[in-house]
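Presented below is the structure to which this report refers.
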Protein chains: 2
Amino acid sequence: MKNTVTIKDVAKKAGVSISTVSRVINDSKPVTDEIKQKVLQVIEETGYVPNPLARSLVTKRSQLIGVVVPEVSDSFVSEILNGIEEIARMYDYDILLSNTYSDKEQEMKSINLLRAKQIEGMVMISWNLEEDHVDFIKKCGIPTTYISKTAREFDVPTVSVNNESATYDMTKHLIEKGHKKIALVMTSPADTALEMERLSGYKRALLESNIEYNESLIRYADVDYAKGYEAATSILEGDIIPDAIFVTGDEAAVGAINAAFDKGYNVPDDISVAGFNDVKIAKVYRPKLTTVHQPLYDMGAVAIRMVIKMIKGEEVEEKKVELPHRIEDRDSVKNR
Amino acid sequence: MKNTVTIKDVAKKAGVSISTVSRVINDSKPVTDEIKQKVLQVIEETGYVPNPLARSLVTKRSQLIGVVVPEVSDSFVSEILNGIEEIARMYDYDILLSNTYSDKEQEMKSINLLRAKQIEGMVMISWNLEEDHVDFIKKCGIPTTYISKTAREFDVPTVSVNNESATYDMTKHLIEKGHKKIALVMTSPADTALEMERLSGYKRALLESNIEYNESLIRYADVDYAKGYEAATSILEGDIIPDAIFVTGDEAAVGAINAAFDKGYNVPDDISVAGFNDVKIAKVYRPKLTTVHQPLYDMGAVAIRMVIKMIKGEEVEEKKVELPHRIEDRDSVKNR
DNA sequence: GTGAAAGCGCTAACAC
DNA sequence: GTGTTAGCGCTTTCAC
């Protein structure tokens, strides 16, 4: 460590006590203006920067927030991360990042590691949050906001869009565009609250338009490209060929588009495909993906704000924050 | 902070001095096995975790490494980040992340902020590294490895692929596939060492096959999709319509593919398009992108290893590390 | 309004 | 092999 100039050096050089210097840099107690200026000047001259380690040790505040993610290179994650990082920095917090590769044991390890590092709060992004995680985090007493497909099941602060109505909206959109046989590919396991919400939105839209619900048009896959490809292939090998496939994830939706192509169907001419999330690839892929836009950056921003609020001991009135979504109508869905 | 159990508590409960506890947890000096077991047991019981803040304060080692990036949500960056994160964790280092959005002032700020946080080392990822950055970082005395398109110009540790030969290889590959009019879209400014290297590789391949170099087939763009689209459009509006466009970035290459489509050319039937980097979209886009594969994860891993080496005071023998690249032959380039 | 002194949790001489 | 002690750089009573 290069930065060898300490509060002592400043005090000595300014001819005051270290307490006075401390008061100046923290603005914690009144200091005579003259002395204040002198100290400030010495700080300027020496390039003194307070050592946050020492400060944290006594104040018990590390100014560190842990962020646990499945994988930074997932664009859903990294776009949220942008929001987290920027707002955290605004509030003088730094981010300690931990990849888990969606491995539960690694998630537990990450939490523990971050806790050891004295983080004051945490944002937990996980595809499959389980009760164990939540219990453990609660026991640790770390103020945490969750962004997880399954977090809504637990009594913890979360931020998300309203999945029921988002799915409803897109299904409705598809119906309005003249689709009648709409396949639904979910990107998480069947038994989670999230998928129940989404399924419910889907069914509600169908019901409203008197379209019969057909279970053979439903698949449970995963978020990635390959799983979307698989699921769509399986649907296209079934008895009923849909006129639209709604995949609740963009990368998986791109997989579905490719699966359709490979089965000899043109998207959107033969079959429409819709996605969910509106990550970067949705805007770039051809055909450009019609999808449910989620405000990813804002979700990160809101999540970190909630954490900071909790750290400060303020009560967060609304624990389940729902941000607005919208249908982003692009080229992968066609009027029929 | 919940974790109220300190080394003192452990010492008292185990009936030993705090130094003994310290010795046990750090394995720094021999301790009688019996006592050691006792201490370990108490640690287990109490769930004691050493406070790294306090430790860092005395050892002067923060176990923190700063990573400055243009933007986490860029897939080139985030794939490198995966490597950095995983290896850092292996060596018990944590990552302090800072987004700069490629803004020079913000880059300086980030460096300063990280320095204040007592980082021991740094990985600097920047599209346009300038002398100012390098000088400043050197002056701070923070061991740093650079991953930057322009870092090779400076006398600092860098990790990259051999851009001259990578560009040569791809150009050669294109020629072997029967292409004669190969446009080149660069993804950084003309005056950087990187682009000179790439251009040289391109020219070398051309020369070897007695193909005349034609400046009107060269463009300088930027890494993003839109800039690739623009550059390709401009080429296709020129006098000479190429049979291949080689774009030194995948996202920009995808932009070029779309530009070709929009101009009525089919890729790869009418025009081939090749990329550079092999990020996720290259594997997923249709046509799948023929591109130069860079070992992104490994680049991150090597970079962080170099930093850790420097922190430990070991001399890094090779300052300019070059990792192997390869041509990933997919579907956007066709035999002619 | 200012300084002296205690102490945050820990490591590392230094004695024994 | 073990305990005592002096700090690391800072904030925060507590006197003055």
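One atom, CG of Leu53(B), and another, P of dC8(D), lie 17 Å apart when rounded to the nearest Å. Gln63(A) has its CD atom 12 Å from the P atom of dT11(D), to the nearest Å. Straight-line distance from the CZ atom of Arg61(A) to the P atom of dT11(D): 10 Å, rounded to whole Å. One can place CD1 of Ile18(B) at 9 Å from C1' of dT5(D), the figure rounded to the nearest angstrom. When rounded to the nearest whole Å, the span between OH of Tyr48(B) and P of dG9(C) equals 10 Å. Regarding Ile25(B), its CD1 atom lies at a distance of 13 Å from the P atom of dG9(C), rounded to whole Å. In this structure, Arg55(A) places its CZ atom 9 Å from C1' of dT11(D), rounding to the nearest Å. Ile43(A) has its CD1 atom 14 Å from the C1' atom of dG9(D), to the nearest Å.
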Pairs under 3.5 angstrom, nitrogen or oxygen only, protein versus nucleotides 13-16 of chain C, please.
from: dA13(C); atom 1: N6; to: Arg23(B); atom 2: NH2; distance (Å): 3.2

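Closest-nucleotide positions on DNA chain D for Thr20(B) and Leu57(B) were compared, and the one nearer the 5' end corresponds to Thr20(B). Of the two residues contacting DNA chain D, namely Val16(B) and Thr59(B), the nearest-nucleotide position lying further toward the 5' end is that of Val16(B).
Axis angle between the ends of the helix from dG1(C)-dC16(D) to dC16(C)-dG1(D), five pairs each and rounded to 10 degrees, works out to 40°.
Asp94(A) contributes no side-chain N or O that, together with a main-chain N or O of Gln63(A), makes up a donor-acceptor pair within less than 3.5 Å.
Using modelled atom types and a 3.5 Å distance limit, the side chains of Glu71(B) and Asn99(B) yield no donor-acceptor pair. Residues Glu34(B) and Thr32(B) bring no donor and acceptor atom of their side chains to less than 3.5 Å of each other. Inspection of the Glu107(A) and Ser126(A) side chains reveals an N or O donor paired with an N or O acceptor under 3.5 Å. Between the side chains of Glu45(A) and Gln41(A), at least one donor-acceptor pair of N or O atoms lies under 3.5 Å.
Taking only side-chain nitrogens and oxygens, Ser17(B) comes nearer than 4.0 Å to OP1 or OP2 of dG3(D). Between Lys60(A) and dG9(C), a side-chain N or O to OP1/OP2 separation shorter than 4.0 Å is present. Within the structure, every side-chain polar atom (N or O) of Asn51(A) is placed at least 4.0 Å from both OP1 and OP2 of dC8(D).
Tyr93(A) meets the ring-ring contact (aromatic ring centres under 6.0 Å, His included) test with no other residue; sequence neighbours excluded. Annotation: ring-ring contact (aromatic ring centres under 6.0 Å, His included) contacts of Tyr146(A) (sequence neighbours excluded): none. Among residues two or more places apart in sequence or in another chain, the side chain to side chain contact (heavy atoms under 4.5 Å, CB included) test is passed with Pro157(B) by Thr145(B), Met306(B), Met310(B), Lys319(B).
As judged by a 4.0 angstrom heavy-atom cut-off over every strand, Ser22(A) is placed among the base-contacting residues. Residue Ile35(A) is in sugar-phosphate contact alone, with no base atom involved, counting any heavy-atom pair closer than 4.0 Å across all strands shown.
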Using distance only, find each side-chain donor-acceptor pair of residues 12-24 of chain B under 3.5 Å and give its atom names and separation, not counting sequence neighbours.
from: Ser17(B); atom 1: OG; to: Ser19(B); atom 2: N; distance (Å): 3.4
from: Ser17(B); atom 1: OG; to: Ser19(B); atom 2: OG; distance (Å): 3.1
from: Ser17(B); atom 1: OG; to: Thr20(B); atom 2: N; distance (Å): 3.4
from: Ser17(B); atom 1: OG; to: Thr20(B); atom 2: OG1; distance (Å): 3.3
from: Ser22(B); atom 1: OG; to: Asn26(B); atom 2: ND2; distance (Å): 3.3

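Ion pair Lys280(B)/Asp74(A) not flagged as a salt bridge, since none of the NZ, NE, NH1 or NH2 atoms sits closer than 4.0 Å to an Asp/Glu carboxylate oxygen.
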